[in-house]
Amino acid sequence: MSLKQEKFYITTAIDYVNAYPHLGHLYEKVCADIIARWNRLVGRDVYFLTGTDENAAKNERAAKEAGLEVKEFIDRNAKRFQELCKAFHISNDDFIRTTEDRHRKVSQLIFAKMFKNGDIYKSSYSGLYCYGCEEYKTEKDLVDGKCPEHGTEPEHIEEECYFFKLSKYEKPVLELIERNRFIIPEKRKQEILARIKTEGLKDLAVSRSRISWGVNVPFDPKHKIYVWVDALVNYVSALGYPDGEKYKKYWPADVHLIGKGINWFHSVIWPAILLSCGIPLPKHILVHGYITIGGEKLSKSKGTAIDPFKLLEKYEVDAVRYFLARDIPFFEDGDFTEKALVERVNGELVGNIGNFIHRTLTLIWNLYAGEVPEPKNYEKDEECIKLVESIRKLPSIMRDRLENYEIDRALKEVADFAIQCNRFLQVKEPWKTKDPDALFICVNAVRTLAIVLRPYLPSSSEKIWKMLNLEGLPEDYGWDSAGGLAIKPGHRVSRPEIVFRKI
RNA sequence: AGCGGGGUGGGCUAGCCAGGUCUAUGCCGCAGGGCUCAUAACCCUGAGAUCGGUCGUUCAAAUCGACCCCCCGCUACCA
């Protein structure tokens with residue numbers, strides 16, 4: 001059976017580099033990583049992309065404030081985002097920076113293509129321009145009609161720029177969105193739908209003059225390509241569009257994972273751009289919620305933004321990953337507090353999951369010198385049957401959850417499973433009864449845990465796997481193998497070590 | 001304002017779409033007990049909510065409908 005391996009291309013939004021990464025950036029990457037790793041585990045050929053958005057004119061200002069050259073400034077910050085990925089074990093296959101040549105030339109190519117297809121025309125844009133900020137302001141940016149930054153009234157000016165005929169694509173885009181599960185979840189789909197229906201699609205200004213940082217419009221270098229158009233292109237430029245091998249293999253994207261704030265660009269503008277260029281459309285726009293800190297929105301100015309690197313000084317990578325995946329409802333906003341983190345990790349990851357793993361292995365050493373015992377008749381014992389059944393079902397229950405991107409709920413299934421395992425031990429009391437059946441099943445339950453935790457807690461999963469003294473890694477056996485009793489009697493396990501420590 | 005989502009024991013939360021099995025789930029916390037293999041872990045029991053309010057549909061509503069109150073999100077550049 002040599003079925004062609006199914007491919008799976010997932011992207012995160014690319015991050016603005018006008019500041020250092022915060023918890024929200026990390027959250028998105030962790031979620032994408034879990035999805036990517038899970039898809040690898042079920043056997044798909046995964047390509048996982050993340051990166052940075054570096055062509056925004058705002059970078060100029062931010063750089064000036066930091067007292068650095070723009071290039072120097074964005075290099076420094078982009079590096080920080082790359083380090084973030086490494087530090088949190090994000091398994092991205094590539095990291096695209098939009099200032100790279102490979103991106104810029106595709107950005108220009110796409111723009112040229114839209115132009116060639118008659119979807120870009122020159123007109124004039126008028127708006128309120130703040131010379132201090134060097135950018136247009138909208139009404140709501142202003143405080144008492146003044147730029148809050150400079151305290152000056154922006155001037156009403158008019159300039160030539162290029163427009164994209166977004167309006168032309170209203171119908172196909174609407175049809176696309178009405179299609180089931182293009183935008184996930186439903187809630188976000190309704191928001192966009194409502195907006196298209198009430199406002200309709202207006203042509204979009206896609207070039208800016210008066211700025212010096214950015215990508216030139218290919219046929220008119222006095223203008224820079226609008227950052228959003230440029231940014232979205234990263235999803236194909238990173239694959240080597242138009243004729244790169246990776247592009248041929250992985251495009252269209254299966255999932256664009258984004259925050260709710262940029263849904264419009266991904267669900268409306270991006271498809272319109274692709275339609276204009278005759279490029280196939282992505283399959284799903286997956287919209288997650290935001291993290292709040294103590295109930296407040298993340299805000300750099302209020303100082304509520306949390307530095308993920310600081311977190312690592314106090315907590316282990318997998319503790320943070322566990323909390324983010326488990327406590328933040330994937331499709332909703334979720335609150336971060338250190339108290340909640342500590343509680344969740346100590347109570348659930350350490351107390352339940354970790355403890356079960358540890359006590360199982362300890363029991364095997366205490367009672368059987370590290371050798372998995374030969375079971376007698378677990379097929380006839382009611383308690384045993386129940387747990388074996390849970391082992392068998394867990395991967396498929398989680399699969400249902402994960403196919404729907406219910407990352408948090410899938411992980412809850414793991415926690416519930418561990419609780420059941422602990423109860424089972426309590427009832428069977430193998431330390432008293434010396435019942436070999438209980439431990440035979442438990443050691444297999446530990447193996448199940450190692451596999452299902454693999455996407456969430458890659459390094460802990462590996463530790464558990466090694467402790468069980470199993471060959472290779474979970475991915476060599478695949479997701480569904482988690483449902484079996486693959487550890488046979490006579491197998492020797494290693495001495496238990498603590499995997500999850502209390503914090 | 002328009003559109004969308006939500007209000008469930010002290011905190012968080014499941015259930016609501018397909019009404020009865022909800023005498024409402026689970027976690028944290030609290031009170032008591034058990035066990036002692038385990039990282040003072042784990043297990044059991046208990047107290048605690050009439051499911052935002054009012055009215056209605058129905059033999060039957062947390063679940064459906066109407067109205068009201070409150071919270072949140074989206075409405076062109078914040079993951």
Side-chain angles (χ1 to χ4, degrees), chain A residues 12-16 18-19 21-32 50 53 56-58 135-136 138 140-141 166 185-199 201-202 204-205 226-229 231 257-265 268-269 287-292 295 297-301 305 326-327 329 331-335 339-340 343-344 346-348 350-352 354-367 408-409 412 415-416 418-419 421-432 434 438-439 442 496-502:
Chain A
T12 67
I14 51 175
D15 303 312
Y16 269 127
N18 57 356
H22 60 239
L23 200 58
H25 296 115
L26 176 65
Y27 177 66
E28 183 169 295
K29 290 183 198 307
V30 167
C31 290
T50 188
D53 175 8
K58 277 184 180 170
E135 65 187 19
Y136 285 96
T138 57
K140 67 171 184 183
D141 290 331
L166 188 59
E186 187 68 18
K187 184 180 169 179
R188 300 298 166 201
K189 166 181 167 179
Q190 295 304 339
E191 277 175 11
I192 296 293
L193 234 37
R195 190 164 150 195
I196 295 177
K197 283 174 182 164
T198 56
E199 299 173 21
L201 295 192
K202 284 173 260 169
L204 181 71
Y226 172 45
V227 275
W228 260 108
V229 172
L257 176 63
I258 57 166
K260 59 185 183 177
I262 56 175
N263 192 195
W264 180 259
F265 299 97
V268 175
I269 296 174
V287 189
H288 66 251
Y290 279 168
I291 289 185
T292 55
K297 254 187 190 174
L298 290 195
S299 155
K300 286 155 218 160
S301 49
R326 174 75 177 86
D327 243 63
F331 295 113
E332 310 288 328
D333 286 358
D335 199 45
K339 183 169 172 276
E343 229 164 56
R344 181 64 79 183
N346 283 347
E348 204 166 271
V350 179
N352 244 306
N355 185 234
F356 170 71
I357 293 166
H358 197 246
R359 71 196 294 210
T360 296
L361 293 185
T362 305
L363 280 166
I364 288 180
W365 273 95
N366 289 353
L367 299 172
D408 51 320
R409 296 229 178 163
K412 181 176 171 7
D416 289 345
I419 288 175
C421 290
N422 268 317
R423 280 185 188 147
F424 173 79
L425 271 182
Q426 198 67 27
V427 172
K428 302 304 280 183
E429 299 184 301
W431 52 91
K432 262 189 200 161
K434 314 278 188 262
L439 286 175
C442 283
E497 279 165 39
I498 286 173
V499 183
F500 305 113
R501 202 171 289 281
K502 274 217 168 192

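Computed from a predicted structure; not experimentally measured. The basis for the numbers below is simple: all heavy atoms, side chains too, and nothing from hydrogens, waters or symmetry mates. Naming: A, B, ... by sequence-line order, numbering from 1 per chain.
- Taking the side chain of A:Gln426 as heavy atoms from C-beta on, and the options B:C77, B:C43, B:A14, the nearest nucleotide is B:C43.
- The residue A:Leu204 sits close to a base: some heavy atom pair falls under 4.0 Å.
- Within 4.0 Å of A:Ile419, counting heavy atoms only, lie sugar-phosphate atoms of the nucleic acid but no base atom.
- The A:Trp431 side chain lies nearest to B:U36 when the options are B:U36, B:C77, B:C28.
- Distance check: A:Leu166 CG to A:Leu201 CG gives 4.5 Å after rounding to the nearest 0.5 Å.
- Applying the Watson-Crick and G-U wobble criteria (two distances, each under 3.5 Å), B:U75 pairs with B:A1.
- With distances taken from any side-chain atom of A:Tyr226 to the nucleotides B:A76, B:A14, B:G73, the minimum falls on B:A76.
- Residue order along RNA chain B, read from the 5' end via each residue's closest nucleotide, puts A:Lys187 first among A:Lys187 and A:Arg359.
- Spacing of C1' atoms, B:C55 relative to B:U13, comes out at 29 Å, to the nearest Å.
- Partner assigned to B:C30 is B:G46, using Watson-Crick or G-U wobble distances below 3.5 angstrom.
- Of the C1' atoms belonging to B:A18 and B:C42, the separation is 40 Å, rounded to the nearest Å.
- Judged by atom type and distance alone, A:Tyr290 does not reach the base of B:C78 through any side-chain donor-acceptor pair under 3.5 Å.
- Across the protein-nucleic acid pair, A:Lys339 atom NZ and B:G11 atom C1' stand 8 Å apart, rounded to whole Å.
- One interatomic measurement links the two molecules: CD1 of A:Ile192 to C1' of B:C77, which rounds to 13 Å at whole-angstrom precision.
- Computed from coordinates, the A:Leu201 CG to B:U75 P distance equals 15 Å when rounded to whole Å.
- Distance from the side chain of A:Arg344 is smallest for B:C27 among the nucleotides B:U39, B:A76, B:C27.
- The side chain of A:Lys502 sits closest to B:U39 out of B:C35, B:U39, B:C3.
- To the nearest angstrom, P of B:C74 lies 20 Å from NZ of A:Lys197.
- Nearest nucleotide to the side chain of A:Lys412, out of B:G26, B:C37, B:C43: B:G26.
- Residue A:Asn366 has its side chain nearest to B:C37 when only B:C37, B:C77, B:G73 are considered.
- Using cut-offs of 30° and 60° for the angle between ring planes, the A:Phe265 and A:Trp228 rings count as parallel.
- If you measure from atom NE2 of A:His288 to atom C1' of B:C78, you get 11 Å, rounded to the nearest angstrom.
- Between the P atom of B:G7 and the CG atom of A:Asp333 lies a distance of 15 Å, rounded to the nearest Å.
- Comparing B:C37, B:C35, B:C78 by their closest approach to the side chain of A:Leu363 singles out B:C37.
- Of the nucleotides present, B:C55 is the one that pairs with B:G65 by Watson-Crick or G-U wobble criteria, both distances under 3.5 Å.
- With C1' as the reference atom, B:G32 and B:U58 are 44 Å apart, rounded to whole Å.
- Residue A:Arg326 places no side-chain N or O under 4.0 Å from the OP1 or OP2 atom of B:C12.
- Salt-bridge formation is detected for the pair A:Lys412/A:Asp416: a Lys NZ or Arg NE/NH1/NH2 atom is positioned less than 4.0 Å from an Asp or Glu carboxylate oxygen.
- Atom P of B:G29 sits at a distance of 32 Å from the matching atom of B:U21, rounded to the whole Å.
- Nucleotides B:G5 and B:C17 have their P atoms positioned 15 Å apart, rounded to a whole Å.
- At distances below 3.5 Å, at least one donor-acceptor pair connects side-chain atoms of A:Asp333 with backbone N or O atoms of A:Tyr290.
- B:G2 and B:A61 have their P atoms separated by 33 Å, given to the nearest Å.
- Comparing A:Ile258 and A:Ile498, the nucleotide of RNA chain B nearest to each residue sits closer to the 5' end for A:Ile498.
- Atom pair A:Asp408:CG and B:C27:P shows a separation of 17 Å (rounding to whole Å applied).
- Interatomic distance, A:Ile498 CD1 to A:Ile357 CD1, rounded to the nearest 0.5 Å: 11.5 Å.
- The NE2 atom of A:His25 lies 11.0 Å from the CD1 atom of A:Ile291; values are rounded to the nearest 0.5 Å.
- Taking atom CG of residue A:Asn352 and atom P of nucleotide B:G26, one finds them 14 Å apart after rounding to whole Å.
- Out of B:U36, B:C77, B:C43, the shortest distance to the side chain of A:Val227 is found at B:C77.
- Across B:A76, B:C78, B:C27, the shortest atom-to-atom separation from the side chain of A:Lys58 is found for B:C78.
- Open room surrounds CD on A:Glu497; 12 or fewer heavy atoms of other groups in view lie less than 6.0 Å from it.
- The residue A:Phe356 sits apart from the nucleic acid: no heavy atom pair falls under 4.0 Å.
- Comparing B:C35 with B:C16, their C1' atoms are spaced 40 Å from each other, to the whole Å.
- Using a 4.0 Å heavy-atom criterion, one finds that A:Lys202 contacts the bases of the nucleic acid, with or without backbone contacts as well.
- Within the nucleic acid shown, A:Gly351 comes within 4.0 Å of sugar-phosphate atoms alone, with no base atom in reach, counting heavy atoms only.
- The pair A:Glu191-A:Lys187 fails the salt-bridge criterion, with no side-chain N (NZ, NE, NH1 or NH2) lying under 4.0 Å from an Asp/Glu carboxylate O.
- One P atom belongs to B:C27, the other to B:C44, and the distance between them is 9 Å to the nearest Å.
- The shortest distance between the side-chain N/O atoms of A:Arg195 and the OP1/OP2 oxygens of B:C3 is not below 4.0 Å.
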